[in-house]
Amino acid sequence: MNNPNNRPTARLLAEAGFSLGMRVLDIGCGNGLLAREIAKLVGPHGHVLGIDLQDTALEQARSHPAEDGAAPVEYRKLDLNTETLDETFDAISCRRVLMYLPDAQATLTRLASLLEPEGFIAIQEQSRLGMPIAGQPIPMHEKAHRWIWDAVEGEGADTSIGFKLAAMLQASGLTMQELWAEAIVLDSRPESDFAPLVSIMKPRLIAAGIPETDIDELISDMPRERQVLESPILYDMAFLAIAHKPA
Ligand SMILES: C[S@@+](CC[C@H](N)C(=O)[O-])C[C@H]1O[C@@H](n2cnc3c(N)ncnc32)[C@H](O)[C@@H]1O
């Protein structure tokens with residue numbers, strides 16, 4: 001979890017109160033990184049269910065071997081827009097998913113109904129917010145940022161959802177415990193290399209109309225700009241929220 005993108009997540013997990021034996025639902029689990037982290041926190045007597053719409057993401061998630069001392073992690077295909085579950089959970093986790101849902105409020109309300117009394121939801125959503133900001137010219141990082149966020153917005157994502165979390169959680173009948181925001185900060189260290197994210201996003205960037213050769217060029221040039229950074233870059237803003245279901 002040392003990647004700058006994961007640091008706010010580590011703090012969210014530490015604050016949220018995951019404990020041994022919990023049954024947890026991780027929505028929009030992608031490749032299962034968050035589900036696996038939570039599985040360590042809830043231990044071998046807990047259980048984590050990761051759900052996602054995409055078969056490829058679920059295949060990747062399932063390819064990770066079970067870890068000693070961690071909860072079993074099960075992955076299931078499910079469309080959060082139209083489907084729900086008939087199980088209840090002690091906790092629900094959600095990282096960078098609500099922004100992609102056409103009616104995030106309806107989904108959140110359905111999810112709240114799956115929580116046990118006193119159960120909680122831990123959410124991380126990212127926002128664009130006029131970034132990146134740096135104390136020196138960063139044309140390659142600016143380009144990568146613009147391409148990625150333009151593509152995400154072009155797909156219909158709500159890139160200001162962080163500002164709506166408090167109202168949405170309240171409308172879902174949940175009680176806010178913590179709400180904060182953290183800038184994702186990049187510096188010259190190798191773990192701040194964002195070129196791999198551009199690689200992951202490549203098919204979506206191509207779909208958004210960016211020529212493949214331009215993307216490849218940026219992926220190979222970005223590390224050079226990072227290696228000589230003299231000041232950190234504020235790259236994205238993560239909004240983090242923890243809310244409980246009343247007893
Ligand atoms: C940006 S990725 C985040 C993945 C993971 N939560 C993480 O933080 O690494 C968003 C994920 O949400 C999933 N997703 C988007 N819409 C969904 C829906 N309607 N139902 C289920 N999953 C969905 C996508 O397939 C994708 O895996």
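Excluded from the calculations below are hydrogen atoms, water molecules and symmetry mates; all remaining heavy atoms, backbone and side chain alike, are included. In listed order, ligands and their atoms are each counted from 1. All of these numbers come straight from a predicted model, not from anything done at the bench.
Of all protein heavy atoms, the one closest to atom 19 (N) of ligand 1 is Asp79 OD1, 2.9 Å. Here the heavy atom of the protein found nearest to atom 15 (C) of ligand 1 is Tyr100 CB, 4.3 Å. Of the protein's non-hydrogen atoms, Arg96 O, 3.4 Å is the one closest to atom 10 (C) of ligand 1. Taking atom 23 (C) of ligand 1 as the reference point, the nearest protein heavy-atom neighbour is Leu53 CB, 3.9 Å. Closest to atom 16 (N) of ligand 1, if we only count protein heavy atoms, is Leu101 CD2, 3.7 Å. Here the heavy atom of the protein found nearest to atom 9 (O) of ligand 1 is Arg95 NH2, 3.2 Å.
Donor-acceptor pairing under 3.5 Å is recorded for the side chains of Asp236 and His145. Residues Gln124 and Thr9 bring a donor and an acceptor atom of their side chains to less than 3.5 Å of each other. Between the side chains of Trp180 and Glu182, at least one donor-acceptor pair of N or O atoms lies under 3.5 Å.
The only option from Glu37, Arg95, Arg11 that meets the side-chain hydrogen bond (donor to acceptor under 3.5 Å, both in side chains) definition with Asn6 turns out to be Arg95. Applying the side chain to side chain contact (heavy atoms under 4.5 Å, CB included) test between Ser172 and each of Thr109, Ile121, Thr107, Leu115 identifies Thr109 as the sole match. When each of Leu169, Ile27, Val97 is paired with Ile123, the side chain to side chain contact (heavy atoms under 4.5 Å, CB included) condition holds for Leu169 and for no other.
Of all the heavy atoms of Cys94, none lies under 4.0 Å from any atom of ligand 1, so neither backbone nor side chain is involved.
Nearest-residue assignment for atom 25 (O) of ligand 1 (options Asp52, Leu58, Ile27; heavy-atom criterion): Asp52. Nearest-residue assignment for atom 11 (C) of ligand 1 (options Gly50, Gly28, Ala104, Ala35; heavy-atom criterion): Gly28. Closest heavy-atom approach to atom 20 (N) of ligand 1 within the set Leu80, Leu34, Val97, Val152: this belongs to Leu80.
Ligand 1 has at least one atom lying under 4.0 Å from a heavy atom of Leu78. Look at Leu33 and you'll find every heavy atom at least 4.0 Å from all atoms of ligand 1.
Under the rule for a side chain to side chain donor-acceptor pair (under 3.5 Å), the partners of Thr159 that lie at least two apart in sequence or sit in another chain are Glu153. Residues meeting the ring pair (Phe, Tyr, Trp, His ring centres under 6.0 Å) test with His47, sequence neighbours left out: none.
For ligand 1, the atoms sitting less than 4.0 Å from at least one non-hydrogen atom of Cys29 are 5 (C), numbered in the order shown with element in parentheses. Close approach of ligand 1 to Asn81 (heavy-atom distance below 4.0 Å) involves ligand atoms 19 (N).
The environment of CD in Glu230 is sparse: at most 12 heavy-atom neighbours from other residues, nucleotides or ligands sit within 6.0 Å.
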